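Treat the numbers as computed from the prediction; the structure is a model and nothing was measured. Naming: A, B, ... by sequence-line order, numbering from 1 per chain.
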Amino acid sequence: MNSSPDSKTPATAEEIAVTLPDGSVRQYRRGVTPREVAASIGRRLARDAVAARLDGDLTDLDRPVEANAAIAIVTADSEDGLYVYRHSSAHLMAQAVKRLFPEARLGIGPPIESGFYYDIEAPRQLTPEDLRAVESEMERAISEDLPIRRFELPRPEALEFVGTRGETYKVRLIEDLPEEERLSFYQQGEFTDLCRGPHLASTGRIRPGTFRLLNVAGAYWRGDERQEMLQRIYATSFRTPDEVEAHLAQLEQARLRDHRRLGKELDLFSIEPEVGGGLVLWHPKGGMIRRRIEEFARQRHEAGGYEFVYSPHLGRSWLWQTSGHLDWYRENMYAPMEMDDGQEYYLKPMNCPFHILIYRSRPRSYRDLPLRYAEWGTVYRYERGGVLHGLMRVRGFTQDDAHLFCRPDQMPEEIDRVLNFCVDLLRAFGFEKFNAYLSTRDPDKAAGTPEEWEAPTEALRAAIERAGLPYEEDAGGATFYGPKIDLKFQDAIGREWQCSTIQFDFVLPERFGLTYVGEDGREHRPYMIHRALLGSMERFFGILIEHYAGAFPLWLAPVQAVVIPVSDDVLEYADTVAERLRGRGARVDVDRRREGVGYKIRDGELQKVPYMLVVGKREREAGTVSVRRRHEGEAGTEDLETFAQRVAREVAEGEAGGGGPLHGAAPAATLAGTIK
RNA sequence: GCCACCGUAGCUCAAUGGUAGAGCAGCUGAUUCGUAAUCAGCAGGUUAGCGGUUCAAGUCCGCUCGGUGGCUCCA
């Protein structure tokens with residue numbers, strides 16, 4: 001759609017050729033507007049049009065077209081259309097704010113993922129009540145149906161225009177724009193804003209109820225903490241009120257899944273101020289889940305040719321000087337400890353130097369490679385107080401870290417192996433939708449030559465393609481020490497998370513002088529790859545809690561079954577049942593409280609225990625259990641041995657991948673997607 | 001770190017500047033019960049901490065501590 005008509009359809013003095021998305025070419029008079037083009041195609045299209053793509057650029061419907069061009073009409077129901085809709089909604093909000101607070105100064109107000117925001121310098125702190133008032137004012141401006149008009153001003157006039165209105169931030173925006181940039185403004189009623197556009201034709205095109213102002217938060221001007229802080233009003237915005245409601249419902253759903261809330265309710269972990277922010281206490285149940293994850297991953301790693309190593313939490317400054325961490329990572333490292341030998345020791349922010357020294361502890365032959373050193377290594381990184389967030393952003397965490405050392409000729413296969421290994425591992429937790437991101441060399445700050453980057457970068461790309469993963473390339477996005485793949489996956493409610501990273505490193509083998517002796521008897525430099533798949537155990541646990549909404553699948557559940565005796569008469573049988581199941585490796589509790597069955601079941605449901613086993617006299621006589629599944633209710637009476645076998649089978653299925661039976665751990669739609 | 005908001009019993013939340021309260025959880029007792037809450041009683045607090053205003057502060061002001069939301073998705 002970006003291609004203009006070719007020379008076979010030349011523009012004449014009064015006619016131009018317009019190429020439409022379907023490839024057809026139509027003749028129009030010079031100066032025709034996209035709106036007129038839309039009208040000539042169909043009344044419906046003209047009605048739904050909100051903007052146009054002119055040779056690929058978003059533009060207004062009323063911008064005259066002066067030359068041959070490719071035009072695509074943008075309707076409200078497209079991605080572009082939503083972008084324009086939200087952008088105009090942001091302007092509407094700014095207009096409403098200015099009506100209520102004429103002294104307010106405007107920063108920027110772009111569309112974002114699920115809505116828009118506007119940064120504003122207001123005369124006072126805005127309250128939730130203010131936001132309601134702004135919403136009402138927005139509805140009023142909609143009912144006024146103010147036409148939205150675009151005009152351009154030369155730079156000096158533009159500066160004067162915003163300057164006389166006291167819009168100091170707009171002045172700075174213009175000053176920062178390149179000289180040759182055309183400066184456009186959009187006017188609706190008494191309100192005018194500097195803006196690139198495009199916008200809807202009038203405020204009446206915004207449907208009431210398609211936006212909701214959510215909250216106000218501080219945001220630095222231009223995101224720079226040295227600059228002044230503005231108030232950012234976040235709003236959600238969609239094409240229809242139903243979508244807004246659905247989004248608000250999803251926010252509520254996310255709130256209910258919040259791992260901090262569930263962590264407390266299910267007694268999984270806590271973060272105590274007395275310990276310190278970002279330092280996690282794993283309670284027994286959280287610890288059980290973590291051990292299941294770690295054990296499972298460890299077995300997979302051993303089967304995958306990894307060897308496990310251990311390294312200390314501290315190391316002398318020499319390590320970090322040599323690795324370069326003290327140069328480029330210092331602000332994330334804790335202050336050194338001076339020991340009695342006068343040496344400075346640092347808490348480790350990463351495991352790599354230790355693994356490297358293991359490699360370097362003896363001469364290596366080309367026959368030894370590849371070497372794959374894995375460690376669930378606990379690292380400490382200083383994070384500023386304001387960024388800490390539950391388990392997601394912490395100061396002490398355990399990585400499922402590994403370092404691969406290999407010969408150049410082994411490198412493509414190593415990459416293939418580790419990427420597939422990673423995807424397999426994540427699938428076991430019920431994640432199915434993946435996106436890869438390939439970060440390539442930044443010429444301005446890259447170690448090594450472009451030629452050195454070539455082979456690894458292409459190996460990474462080839463591995464992604466062979467794995468059949470959708471991917472995007474972040475050209476120049478790599479860190480200075482090598483290209484990398486970041487892998488993201490979607491959770492049960494469609495949120496995307498990045499945990500896995502596979503990174504080449506040209507720098508550390510050099511700095512530590514790593515070598516191996518080749519077939520030719522000479523020393524060669526090995527390739528080195530850092531990789532963490534689950535990333536941080538803490539963060540991955542937080543993601544899992546939210547993904548499963550606290551209802552862990554059987555193989556991970558800290559308590560897999562709770563035995564519920566109907567009365568004290570059958571306590572003994574309840575204990576027998578529990579013991580028999582424990583003997584088969586199941587994690588079973590008995591609820592011995594003198595409460596009714598309903599009470600204990602309710603408690604089991606709230607604690608999200610996968611199986612509840614009600615036992616009374618009937619079961620005792622028959623040697624059975626009455627099985628109840630979490631979220632599903634009664635599932636019939638079963639012979640104790642049959643049940644034990646079922647649990648063993650379901651645990652094995654869970655560990656085998658595909659997440660195993662979740663028993664209502666996620667909404668049905670997601671369940672279907674997680675079981676192969 | 002910065003801006004804003006918040007901090008009352010273990011948890012969730014009440015209390016026009018005028019005697020700190022409820023539900024759940026906990027403990028004690030009774031109830032022996034069949035698939036999402038049995039009943040009664042008891043206990044639980046320096047209202048995060050420190051200072052100030054006031055006859056009087058959970059409430060108003062200041063500081064400290066802690067938590068929460070956010071801090072380029074660039075006109």
Side-chain angles (χ1 to χ4, degrees), chain A residues 83 86-87 90-91 94 106-119 121-122 124-128 158 162 167 169-178 181-186 193-197 199 214-234 258 260-261 264-265 267 270-277 331 382-390 564-571 593-607 612-619 626-637:
Chain A
Y83 178 90
R86 286 172 170 163
H87 204 174
H91 271 219
L106 303 178
I108 61 168
I112 53 172
E113 183 71 32
S114 57
F116 57 86
Y117 69 78
Y118 216 115
D119 285 347
E121 184 190 271
R124 64 172 169 81
Q125 176 61 32
L126 300 177
T127 65
V162 294
E167 294 287 0
Y169 296 98
K170 299 292 180 184
V171 171
R172 287 154 74 176
L173 283 173
I174 293 175
E175 284 168 348
D176 287 349
L177 285 169
E181 191 80 20
R182 298 166 73 166
L183 299 173
S184 57
F185 289 82
Y186 283 81
D193 197 3
L194 171 75
C195 185
R196 182 168 47 196
H199 280 283
L214 296 179
N215 61 324
V216 54
Y220 296 106
W221 171 242
R222 311 233 95 172
D224 182 344
E225 65 186 29
R226 291 163 305 191
Q227 307 265 20
E228 47 274 73
M229 184 164 283
L230 308 179
Q231 297 187 58
R232 173 168 297 177
I233 304 175
Y234 278 98
D258 190 313
R260 295 167 300 181
R261 170 201 182 91
K264 187 177 285 177
E265 286 174 6
D267 197 17
S270 61
I271 297 172
E272 308 290 342
E274 292 85 346
V275 177
E331 65 275 20
Y382 177 74
E383 302 277 3
R384 299 150 110 202
V387 307
L388 300 176
H389 178 81
I564 297 176
V566 169
S567 72
D568 285 0
D569 308 346
V570 289
L571 267 179
R593 291 174 297 183
R594 296 208 337 182
E595 294 286 353
V597 172
Y599 181 91
K600 295 177 184 177
I601 284 178
R602 178 180 154 79
D603 207 52
E605 289 284 350
L606 292 177
Q607 287 297 307
M612 282 154 269
L613 305 175
V614 177
V615 296
K617 294 195 179 92
R618 293 201 295 270
E619 286 75 17
S626 173
V627 179
R628 185 192 166 93
R629 286 165 177 256
R630 172 176 69 194
H631 304 344
E632 290 173 15
E634 288 189 69
T637 299

Does either side chain, that of [X] or that of [Y], offer a donor lying less than 3.5 Å from an acceptor on the other one?
X: A/E121; Y: A/Y169; result: yes
X: A/D193; Y: A/Y118; result: yes
X: A/Y234; Y: A/R232; result: yes
X: A/Q227; Y: A/R172; result: yes

Say we look at [N] and [M]: how far apart would their [atom1] atoms be, to the nearest angstrom?
N: B/G41; M: B/U35; atom1: P; value: 28 Å
N: B/A20; M: B/U59; atom1: P; value: 13 Å
N: B/C61; M: B/A22; atom1: P; value: 29 Å
N: B/G66; M: B/A37; atom1: P; value: 42 Å
N: B/C5; M: B/A9; atom1: P; value: 22 Å
N: B/C65; M: B/U28; atom1: C1'; value: 38 Å
N: B/C39; M: B/A57; atom1: C1'; value: 40 Å
N: B/C6; M: B/A43; atom1: C1'; value: 29 Å

Tell me which nucleotide among [options] gets nearest to the side chain of [X].
X: A/Y599; options: B/A36, B/G26, B/G34; result: B/G26
X: A/V566; options: B/G34, B/U31, B/U35; result: B/G34
X: A/R628; options: B/U31, B/U35, B/G34; result: B/U35

With a 3.5 Å cut-off and just heavy-atom distances, do the side chain of [X] and the base of [N] make a donor-acceptor pair?
X: A/R602; N: B/U35; answer: no
X: A/E272; N: B/G66; answer: no
X: A/D568; N: B/U32; answer: yes

Provide the closest heavy-atom pair for A/E634 versus A/S626 in the form atom of the first, atom of the second, distance.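 Minimum heavy-atom separation between A/E634 and A/S626: OE1-OG, 4.4 Å.
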Under 4.0 Å protein heavy-atom contact, by nucleotide of nucleotides 68-75 of chain B - B base, S sugar-phosphate only: SBBBBBBB
From [atom1] of [X] over to [atom2] of [N], roughly how many Å is that when rounded to an integer?
X: A/D569; N: B/C33; atom1: CG; atom2: C1'; value: 10 Å
X: A/E595; N: B/C24; atom1: CD; atom2: P; value: 12 Å
X: A/L571; N: B/C33; atom1: CG; atom2: C1'; value: 13 Å
X: A/E121; N: B/C3; atom1: CD; atom2: P; value: 15 Å
X: A/I601; N: B/C33; atom1: CD1; atom2: P; value: 16 Å
X: A/E265; N: B/G10; atom1: CD; atom2: P; value: 18 Å
X: A/K600; N: B/C33; atom1: NZ; atom2: P; value: 12 Å

Does A/D258 form a salt bridge (charged side-chain N to carboxylate O under 4.0 Å, His left out) with A/R260? I'd like the steps, not just the answer. CA-CA 5 Å; A/D258 190 313; A/R260 295 167 300 181; 2.6 Å; yes
Quick one: label A/G596 by what it contacts on the DNA or RNA (base, sugar-phosphate, nothing), any heavy atom closer than 4.0 Å.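 The residue A/G596 makes no contact with any strand.
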Give one of base, sugar-phosphate or nothing for A/E619, where a contact means two heavy atoms less than 4.0 Å apart.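 If one applies the 4.0 Å heavy-atom cut-off, A/E619 turns out to touch a base.
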Range-with-range stems for RNA chain B, at least three Watson-Crick or G-U pairs under 3.5 Å: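 Listed by first number, the stems are B:1-7 with B:65-71, B:10-13 with B:21-24, B:26-30 with B:38-42, B:48-52 with B:60-64.
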5' priority, RNA chain B, between A/K264 and A/D603 [closest heavy atom]: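 Final value for this comparison: A/K264.
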With nearest nucleotides of RNA chain B determined for A/L606 and A/Q231 from heavy-atom distances, which residue corresponds to the more 5′ nucleotide?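 First, find each residue's nearest nucleotide; the 5'-ward one identifies A/Q231.
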Counting N and O atoms only, with roles assigned by atom type, does the side chain of A/Q231 sit under 3.5 Å from a partner on the main chain of A/A217, one being a donor and the other an acceptor?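 Not at all, since once roles are kept as given, no pair shorter than 3.5 Å links the two residues.
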side-chain contact (heavy atoms from CB on, under 4.5 Å), paired with A/E167, selected from A/L173, A/V162, A/L194, A/I174: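 For A/E167, the side-chain contact (heavy atoms from CB on, under 4.5 Å) check succeeds only for A/V162.
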Considering residues, nucleotides and ligands other than A/E113, do more than 12 of their heavy atoms fall under 6.0 Å from its CD?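 Not more than 12 within 6.0 Å, no.
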Parallel, tilted or perpendicular: which fits the ring planes of A/H87 and A/H199, with parallel below 30° and perpendicular above 60°?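 Correct class here is tilted.
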Identify whether the distance between the nearest side-chain nitrogen and carboxylate oxygen of A/R222 and A/D224 falls below 4.0 Å.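 Looking at A/R222 and A/D224, the cut-off is not met.
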